[in-house]
Asker: 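Could you have a look at this structure, given as C-alpha cells, before my questions?
Values in this document were obtained by computation on a predicted structure and should not be read as measured data.
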Amino acid sequence: MGGVLLKPIIDRALFPKPVPPRYKPHLQNLIWIPAGDATIPCLFFSQPLATHLFLYSHGNASDLGTIYYESQKLSNFLNVHFIAVEYCGYGLYPGEPSEEKINVGLEKVLRYAITELKIPPNRIVLFGRSLGTGPSSRLAAKLEEQLIKIGGVILQSPFTSIFEAAKNLSFAASLFMSDEVWQNIREVKAISTPLLLLHGKQDKVIPHCMSTQLYHACPSKHKRLKLSDSANHNRFELFHDLIKPISKFLTDFVESKDTRMPIRIIIPKLLRRVPSGVFQVHHKSSRQSSSDGPPPLVIDLSEDTEVQEGKEIESLEHSSKEEGKVETLVRAITLNVLGVVFVCVCLCVCVCVCVCVEI
C-alpha cells in the first residue's frame with residue numbers, strides 16, 4: 001500500500017526533470033535520431049581530427065540545455081566527436097521517464113551510430129555522469145554479453161546502485177525503493193573493456209567510496225580510479241578533474257594503432273529537421289511552469305549566433321543545482337514515508353480494536 005501511494009513521489013525523486021525544457025527546438029548542434037515511433041533529441045559536436053566518439057548520458061535534474069557548454073568544452077579539449085543523449089520525459093523528448101526507457105534510448109542511439117553513421121564499436125566510448133552511469137554501465141555490460149567490444153567506459157560520480165545511493169541520503173526513503181534499479185555494482189563485474197572512474201571526495205550526494213567499490217568489482221585489466229580532493233557532486237574543475245585524467249586514460253588504454261586515423265561523421269540533413277509535434281511539447285511545458293515564477297534561462301543558439309565565453313558554466317558547476325534538488329526531494333519522500341507509516345499504524349490499531357470488540 002505504501003509503495004503504491006509513494007510511487008509518484010519516488011518517481012519524481014528519481015527523475016527530477018527540468019520544467020520547462022532549458023532549450024528550444026532550433027538549438028544549435030541539436031539533432032534528432034530516429035528510434036522507431038519516436039525521435040531522440042541529442043547534442044552533436046564534431047572535431048575534424050577526432051578518432052573516437054563519446055556517447056554521453058547526463059546527470060539528473062538536467063537536460064541538453066543545461067549541459068550544452070559542458071559537452072562543447074569536453075568535445076573541444078578532448079578532440080573527440082560527442083553525442084549527448086536526452087532521456088525520455090526530459091527536455092523535448094516527450095513521455096514519462098523510467099529506467100527501461102532511458103536504457104533503451106541510449107542503446108538505440110548507439111545502434112544508430114554503428115549502423116547508420118558507420119562508427120566502429122571500438123571507436124565508441126560510453127560516458128555517464130551520476131544518474132547517467134546507470135544506463136552507461138547497463139549498456140556496457142549488455143555489449144559484453146553480445147561480444148561487442150567498444151573503446152571504453154567512463155563513469156563520473158557513479159553509484160553502486162540507486163538503492164544504496166538513496167539510503168546514503170535517507171534510510172526511510174530507501175525502504176520504498178527497489179534494490180533492482182540500476183545495479184552498477186553488478187554491471188561492472190561484466191565489463192572487461194577499459195574503465196575510468198572519476199569522483200570528488202567532497203561529494204555528499206554519492207560518496208566517493210562507491211567508485212572505489214566499483215573499481216575493485218570490475219575485472220578489467222585496464223581500469224583506473226581518479227579521486228579529486230576538491231570536487232563535489234556538481235562542481236569540478238575542467239582541466240584537472242576531467243580533461244587531464246580522461247586524456248591520459250584515452251592515451252594509455254583506449255587508443256591503439258588501429259584507432260589513430262581520424263573518423264569523419266556526416267550527419268544527414270534529415271537528423272537536423274525538427275520533428276512535428278516538438279513545438280507543441282515545448283509550448284505545453286512552458287505554460288505548465290508559467291505560474292512557478294520567472295522563467296529559467298533557456299539556451300537558444302541559432303546557426304548564426306556566436307557562443308559567448310561569458311555564458312560558460314564556470315568550473316562546469318551545473319546550473320541545475322542537482323544536489324540541492326535531490327536532497328529536497330529525498331526529504332519530501334522521508335516525510336511522506338513517515339506519513340504513510342503513521343496511517344498504516346492507525347489502521348492497524350483500528351482493526352485490532354474492532355477485533356477486540358467483536359471478541
Side-chain angles (χ1 to χ4, degrees), residues 14-33 40-47 53-78 80-93 97 102 105-106 109-110 113 125-136 154-158 198-200 203 205-206 231-239 241-243 246 282 285 296-301 305 307-326:
L14 285 177
F15 309 110
K17 55 187 178 182
V19 178
R22 267 47 169 186
Y23 60 101
K24 295 182 179 180
H26 287 298
L27 174 68
Q28 187 179 356
N29 299 101
L30 187 64
I31 61 175
W32 305 84
I33 293 182
I40 303 176
C42 298
L43 285 177
F44 173 68
F45 296 97
S46 181
Q47 304 300 325
L53 167 67
F54 275 33
L55 206 55
Y56 184 73
S57 299
H58 61 71
N60 225 339
S62 303
D63 63 16
L64 297 184
T66 62
I67 66 166
Y68 185 94
Y69 294 106
E70 173 186 350
S71 302
Q72 183 184 54
K73 291 300 180 186
L74 288 171
S75 175
N76 289 343
F77 286 110
L78 293 171
V80 296
H81 301 301
F82 198 97
I83 294 180
V85 183
E86 190 61 285
Y87 300 152
C88 180
Y90 285 61
L92 298 178
Y93 190 174
I102 293 174
L106 178 61
V109 173
L110 177 123
V125 175
L126 295 177
F127 186 175
R129 177 185 178 272
S130 189
L131 181 79
T133 63
S136 296
I154 301 174
L155 303 179
Q156 181 186 358
S157 306
L198 303 169
H199 219 127
D203 193 334
V205 177
I206 302 175
N232 60 29
H233 196 67
N234 290 315
R235 189 175 182 85
F236 37 89
E237 207 281 323
L238 175 62
F239 179 75
D241 297 335
L242 289 180
I243 303 301
I246 293 176
H282 178 68
S285 299
L297 173 65
V298 175
I299 300 177
D300 183 19
L301 303 175
T305 302
V307 179
Q308 299 179 359
E309 291 296 321
K311 292 184 179 179
E312 290 180 18
I313 303 173
E314 295 182 3
S315 298
L316 296 186
E317 182 176 15
H318 287 246
S319 58
S320 60
K321 302 297 182 184
E322 174 187 352
E323 183 172 352
K325 285 190 175 184
V326 172

Asker: Do you know the tightest heavy-atom contact between Gly65 and Tyr23?
Answerer: N-CD2, 3.2 Å
Asker: In Å, rounded to the nearest 0.5 Å, how long is the span from CG of Leu74 to CZ of Phe54?
Answerer: 8.0 Å
Asker: Quick check: do Leu43 and Leu27 have side-chain heavy atoms less than 4.5 Å from each other?
Answerer: yes
Asker: Can you tell me how far apart CZ (Phe44) and CD (Gln28) are? Round to the nearest 0.5 Å.
Answerer: 13.0 Å
Asker: Might you point out which heavy atoms bring Tyr90 and Pro18 nearest each other, and give the distance in Å?
Answerer: CD2-CD, 4.1 Å
Asker: Please report the closest heavy-atom contact between Phe45 and Ser71, naming both atoms and the distance.
Answerer: CE1-CB, 3.7 Å
Asker: Looking only at heavy atoms, what is the nearest atom pair of Leu92 and Pro41, with distance?
Answerer: C-CG, 4.2 Å
Asker: Looking only at non-hydrogen atoms, find the nearest pair between Gly89 and Lys17 and report the distance.
Answerer: O-CD, 2.7 Å
Asker: Using a 3.5 Å distance criterion without hydrogens, assess whether the side chain of Ser62 forms a donor-acceptor pair with backbone atoms of Asn60.
Answerer: yes
Asker: I want to check something: taking the side chain as every heavy atom from C-beta on, are Leu78 and Leu242 in contact at a cut-off of under 4.5 Å?
Answerer: no
Asker: Just checking, is any N or O donor in the side chain of Tyr93 or Asp63 under 3.5 Å from an acceptor N or O on the other one?
Answerer: no
Asker: Working note: Asn76 + Gln47, criterion side chain to side chain contact (heavy atoms under 4.5 Å, CB included); need CA distance, chi angles, decisive distance, verdict.
Answerer: CA-CA 7 Å; Asn76 289 343; Gln47 304 300 325; 2.8 Å; yes
Asker: Ser157 vs Thr133, test: side chain to side chain contact (heavy atoms under 4.5 Å, CB included). Steps then yes/no.
Answerer: CA-CA 8 Å; Ser157 306; Thr133 63; over 6 Å; no
Asker: Would you say Ser75's side chain and His81's backbone share a donor-acceptor pair under 3.5 angstrom?
Answerer: no
Asker: At what distance, to the nearest 0.5 angstrom, does CG of Leu126 lie from OG of Ser57?
Answerer: 7.5 Å
Asker: Do Arg22 side-chain atoms and Pro20 backbone N/O form a donor-acceptor pair below 3.5 Å?
Answerer: yes
Asker: Could you give the distance from CD1 (Ile67) to CZ (Arg129), rounded to the nearest 0.5 Å?
Answerer: 9.5 Å
Asker: Would you check if the side chain of Glu86 reaches a backbone N or O of Leu64 as a donor-acceptor pair within less than 3.5 Å?
Answerer: yes
Asker: Just how far is it from atom CG of Asp241 to atom CG of Leu198, taken to the nearest 0.5 Å?
Answerer: 8.5 Å
Asker: So Phe127 and Ile246, side chain to side chain contact (heavy atoms under 4.5 Å, CB included) or not? Walk me through it.
Answerer: CA-CA 10 Å; Phe127 186 175; Ile246 293 176; 4.0 Å; yes
Asker: Looking at His58, is its backbone amide N or carbonyl O close enough to the side chain of Tyr87 to form a donor-acceptor pair, meaning the two atoms are under 3.5 Å apart?
Answerer: yes
Asker: Given 3.5 Å as the limit, does a donor-acceptor pair link the side chain of His199 with the main chain of Ile206, or not?
Answerer: yes
Asker: What is the distance from atom CG of Leu106 to atom SG of Cys88, rounded to the nearest 0.5 Å?
Answerer: 13.5 Å
Asker: Is there a side chain to side chain contact (heavy atoms under 4.5 Å, CB included) between Tyr56 and Ile154? Walk through the geometry before answering.
Answerer: CA-CA 9 Å; Tyr56 184 73; Ile154 301 174; over 6 Å; no
